[in-house]
Amino acid sequence: MKLIIINGPNLNLLGKREPEVYGNTTFDNYFKQLQEKFNTVELHYFQSNIEGELIDKIQEVGFSFDGIILNAAAYTHTSVGIGDAVKAVETPVIEVHISNTFKREDFRHVSHISSGAKGVVLGFGLQSYDLAIQSFLE
Ligand code: DQA
């Protein structure tokens, strides 16, 4: 089973960024925990602050990996291009958010990803990623 977590803009600052919303753990530390927990999965990770790089990565893995776990962060709410990429590839995509975006500002209630995603996991903190991985294993 080959899965990839793709994180969008500002998620490289997890641990430092608005800890009251996103927590105190860095993604590197959390990713190591995920690799230990799901040690039968070939788990990859990619992060970019650049929209086109996220699209390139979705296209690159989207015909060979078993699953994509995508937190497009702010681009979720703005990017038709990332939404189209999710629909263009064969690999199923689970949309993930750390926070419950529906409890936050109205502009975060819109997603260009959800209509092309297999499912959506949001609001469970970093555990949202764990739950998304589990969904591919069952
Ligand atoms: C986020 C929610 C987005 O609205 C926000 O722009 C992010 C992170 C989340 O994981 O909760 O950067 O995707």
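Worth knowing before you read on, the calculation uses all heavy atoms, side chains too, and leaves out hydrogens, waters and symmetry mates. Whatever order the structure lists them in is the order used to number ligands and atoms, beginning at 1.
- Residues Y75 and H112 keep their aromatic ring centres 6.0 Å or farther apart.
- Centroid-to-centroid, the aromatic rings of Y129 and F31 stay 6.0 Å apart or farther.
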Could you list each N/O atom of ligand 1 together with any protein N/O atom closer than 3.5 Å, one pair per line with the distance?
| residue | atom | partner | partner atom | Å |
| --- | --- | --- | --- | --- |
| ligand 1 | 4 (O) | H77 | NE2 | 2.7 |
| ligand 1 | 4 (O) | R108 | NH1 | 2.8 |
| ligand 1 | 6 (O) | A74 | N | 3.3 |
| ligand 1 | 6 (O) | R108 | NH1 | 3.0 |
| ligand 1 | 10 (O) | N71 | ND2 | 2.9 |
| ligand 1 | 10 (O) | I98 | N | 2.7 |
| ligand 1 | 11 (O) | I98 | N | 3.2 |
| ligand 1 | 11 (O) | S99 | N | 2.8 |
| ligand 1 | 11 (O) | S99 | OG | 2.6 |
| ligand 1 | 12 (O) | R17 | NH1 | 3.1 |
| ligand 1 | 12 (O) | R17 | NH2 | 2.9 |
| ligand 1 | 13 (O) | N71 | OD1 | 2.8 |
| ligand 1 | 13 (O) | H97 | ND1 | 2.8 |

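- Within the structure, salt bridge (charged side-chain N to carboxylate O under 4.0 Å, His left out) contacts touching residues 117-131 (residues at least two apart or in different chains) are K37-D130.
- With hydrogens and angles disregarded, no donor-acceptor distance shorter than 3.5 Å links the side chain of D66 to the backbone of L3.
- Counting Ile, Leu, Val, Met, Phe, Trp and Tyr side chains that sit under 4.5 Å apart, directly or through other members, V120 shares a hydrophobic cluster with F102, L122.
- Looking at residues two or more places apart in sequence or on another chain, you find a side chain to side chain contact (heavy atoms under 4.5 Å, CB included) between L131 and V121, F124, Q127, Q134.
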